[in-house]
**Q** 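The following block contains the structure, expressed as structure tokens.
In listed order, ligands and their atoms are each counted from 1.
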Amino acid sequence: MKKIIDVYGSELVEDYQKVITDFGLDTFPLDLFPEPNRIMRRGIVFAGRDFKQIAEAIKEKKPFYVLSGIMPSSEKIHFGNKMVVENIAYFQKMGGKAFILIADLESAAARGVSLEEAQKRALDFHIPSYIALGLDPKKTVFYFQSQNKDVIHMTYEFAQKITLNEFRAVYGAADPGRILSALTQVSDILYPQIKERMPGIIPTGLDQDPHIRLTRDVVRRTKQKKFFLPSSMYHKYTPSLDGSLKMSKSKPMSCISLPEDPEVVCKKLKRALTGGRESVEEQRKLGGTPENCVIFELYKQHLIEDDKELKERYDLCKSGKILCGECKGYACEKMTNFMTQLEKDIEKNRSKVDKLNFVEFS
Ligand code: SF4
């Protein structure tokens, strides 16, 4: 059976190296990117496509863009969004022009959320949250998909460039909603290039790679437009607290939303899968296995910024000097601080939405 990366699925990837090989991805070249952020340094950003053109643009101080979308159908965000924002913030710091689109058309088509409601949610919650997580609003161009006539025109144009069979090969299934949504994403990814010809990078989860591949196919078939092939950068998933899946709202006790009541989150952490041993004696003697521990993965991906502190935590676990109960208490403390600060920052950033740089369409 032909392998696909399922845009709509929630399976946890067990072997990221195999994914790189199977889908012809490039391993993330840490040495090409100056001052890598936490998730780059720790191998959580692991792969992508066409990194060199972005690394060169950074080195030679040439224009490039970084783009991502907000899906306002949901009322909360998650750790995957947090990693995307952290990577956008990185590229902003490196001189990239950031574009954030509000996928109000897709929210309406996929979840039945009205355009007005989607726009309201984006302004009241999603954009302030992105700013709270590190997005620099002064260096960001925003637009609503429904108002961007260029994107709508491009979507119609690109529809002539793919066949149903190709679509099935990339996505595994083809129905009118998926096709329209995917083609709109292709247009979003290329939109900054119709304003200024420059390379661009899309930081995202691995599950969005089919959209990147489709966009690259479309670029190859519209040579006269001289688009750069889009680059992409993928982060690993934050695992579900039971360790079985990537975090998904379908399993609320195993999923953490942003923001979420710290008390509730701490209760969930108490039940999380760890790399602890069968008994206290065994753990004291053999140490734990942080490599198999969801709590440690949370430290590594999100809760501990300082590399030295992370290493100390790792050593404490490995040496058996700490047991899982105490360690979960520490995770709860870290998580409480994070959620409390996030709530405050979202509130504070609500006042900034009036001054955002939205593209005006006549
Ligand atoms: Fe995980 Fe902490 Fe237990 Fe180690 S001590 S296995 S890091 S919960």
**Q** Taking the six-membered ring for Trp and the single ring otherwise, decide whether the centroids of Tyr191 and Tyr143 are under 6.0 Å apart.
**A**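 Ring centroids of Tyr191 and Tyr143 are less than 6.0 Å from each other.
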**Q** For atom 4 (Fe) of ligand 1, which protein N/O/S atoms are closer than 2.8 Å?
**A** Cys317 SG
**Q** So, do Ile202 and Ile189 sit near enough that their side-chain heavy atoms are less than 4.5 Å apart?
**A** yes
**Q** Determine which pairs satisfy salt bridge (Lys or Arg N to Asp or Glu O under 4.0 Å) with at least one residue from residues 88-111, sequence neighbours left out, and list them in order.
**A**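 Every salt bridge (Lys or Arg N to Asp or Glu O under 4.0 Å) pair that includes a residue of residues 88-111, provided the two are not neighbours, is Glu35-Lys93, Lys97-Glu196.
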**Q** Show every salt bridge (Lys or Arg N to Asp or Glu O under 4.0 Å) that has at least one partner inside residues 221-230, sequence neighbours left out.
**A**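 Applying salt bridge (Lys or Arg N to Asp or Glu O under 4.0 Å) to every pair that reaches into residues 221-230, excluding sequence neighbours, yields Glu157-Lys225, Glu166-Arg221.
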**Q** For Phe142, enumerate each residue passing the ring pair (Phe, Tyr, Trp, His ring centres under 6.0 Å) test, keeping only those at least two apart in sequence or located in another chain.
**A**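 Applying ring pair (Phe, Tyr, Trp, His ring centres under 6.0 Å) to Phe142 gives Phe358.
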**Q** Is Tyr299 reaching over with its side chain to a backbone N or O of Ala331, donor-acceptor style, under 3.5 angstrom?
**A**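 Yes.
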